Amino acid sequence: MDQALKPIAEKVYAGERLSAEDGLTLLRSRDIWTIGELANHVRQKLHGKTAYYNVNRHINYSNICALSCKFCAFYRKRGQDGAYEDSVEKIVQEAGEAAKAGATELHIVGGLHPFLPFSYYTDMLSAIREAVPAIHIKAFTAVEVVHLARISKRPSDLAGVLSDLKGAGLGSLPGGGAEVFDDRVHDEAFKGKIRSDKWLDVHREAHKLGLMSNATMLYGHIESLEDRIHHFCLLREAQDEAIQNSTSGGGRFQTIIPLPFFPDESELEHLPGPSGLDNLRMLAVSRLMLDNFAHVKSFWIMQTLEMSQVSLDFGVDDLDGTVVWYDITKLNGADDPSGGTHQEVGVNELRKAIIEAGYDPVERDTVYRRVERDGADWRVGVESGVGV
Ligand code: SF4
């Protein structure tokens with residue numbers, strides 16, 4: 001065992017909160033097995049042998065974006081080859097197909113479209129709500145919410161904008177757009193995007209309205225290990241605050257989703273991107289640092305299903321869903337006949353992967369209630385999910 005991890009292990013077994021310094025020691029250690037063992041200890045305490053998944057559909061309504069973040073291979077400018085924007089009708093049709101296939105959740109995000117009006121977004125939500133009322137709509141990253149506040153000409157009224165979106169059918173916020181909470185990295189890699197304070201403001205306001213949300217970190221590009229730990233600490237503080245307020249019906253962060261950077265087709269293509277070991281370590285350290293987050297997700301689209309199986313022993317309790325179309329990261333790039341956007345795994349395949357790894361697969365809805373399913377028909381079970 002790496003001796004530097006000894007005092008950290010004592011804290012973990014005593015249920016004590018880790019410091020930023022502890023986090024840094026974990027990220028610097030090459031003793032992946034001890035790190036995994038510690039993360040697994042916390043994971044088992046919270047979730048035992050349960051591993052969650054959901055049946056969902058990702059809808060990326062448009063890739064047209066006013067910004068040009070260096071790490072992003074998704075965005076296009078209007079008129080550029082490959083640029084698209086879906087009509088509300090097309091999105092509702094996709095939502096209907098997803099519902100027919102048994103999805104419990106739609107995950108809807110897109111670029112910061114410079115010309116679509118605010119009504120496009122509220123119309124999209126209310127039309128989906130009307131067509132498929134049972135499906136949960138998790139939509140719009142904090143960056144998009146700030147963009148929507150700007151285009152609806154009330155840049156400082158995040159609460160008002162979120163409230164309109166909620167009124168139209170928004171069920172929760174995804175965790176994207178956080179990238180890495182550091183101003184140097186921000187200015188170099190995604191200048192123009194909101195900074196950490198604004199990202200946290202959006203989630204704070206959403207929580208006040210009773211909306212649940214998730215959080216991400218995009219790592220493995222130009223950030224330092226210190227930046228990663230700083231990111232965790234800011235999220236942990238924000239969650240402490242949310243938990244304190246949640247007694248009066250507020251929401252909170254449910255899940256941390258560490259996202260490895262994919263250099264291909266981005267302006268940072270010369271970088272190697274994180275290794276498998278780095279990915280495992282980040283998932284485990286997320287579990288150890290974010291002691292007030294209930295869930296750690298390995299987003300299999302980016303981590304691969306094989307690594308996600310392994311990650312269940314490294315602090316992860318959620319493998320996300322049966323995602324059908326996902327435009328943001330093209331796993332197989334140009335070699336894939338679908339262009340890499342058709343990424344689907346069936347429920348049986350997901351369950352098999354979880355069982356093979358030694359865990360009990362449990363289907364959840366967006367807010368971690370157990371789902372009872374008979375083919376495409378489903379209902380929320382009596383037992384609800386785990387909180388911290
Ligand atoms: S990361 Fe988001 S905001 Fe940045 S260019 Fe890509 S789509 Fe636009």
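Order of listing sets the numbers, starting from 1, for every ligand and every atom in it. Being a predicted model, the structure only gives us computed values, none of them experimental. All residue numbers refer to positions in the sequence shown, counting from 1.
Ring geometry for F140 versus Y61: interplanar angle over 60°, hence perpendicular rather than tilted (30 to 60°).
Using a cutoff of 4.0 Å between basic side-chain nitrogens and carboxylate oxygens, E205 and K208 are scored as salt-bridged.
A distance below 6.0 Å separates the ring centres of H47 and H295. Checked against the 6.0 Å centroid criterion, the rings of H186 and F181 do not qualify as a close aromatic pair.
Annotation: cation-pi pair R154/F118 present, NZ/CZ under 6.0 Å from the ring centroid and within 45° of its normal.
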Chi angles and distances behind the ring pair (Phe, Tyr, Trp, His ring centres under 6.0 Å) call for F71, F190:
CA-CA 8 Å; F71 60 74; F190 44 100; 5.6 Å; yes
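Protein N/O/S atoms closer to atom 4 (Fe) of ligand 1 than 2.8 Å number 1 in this structure.
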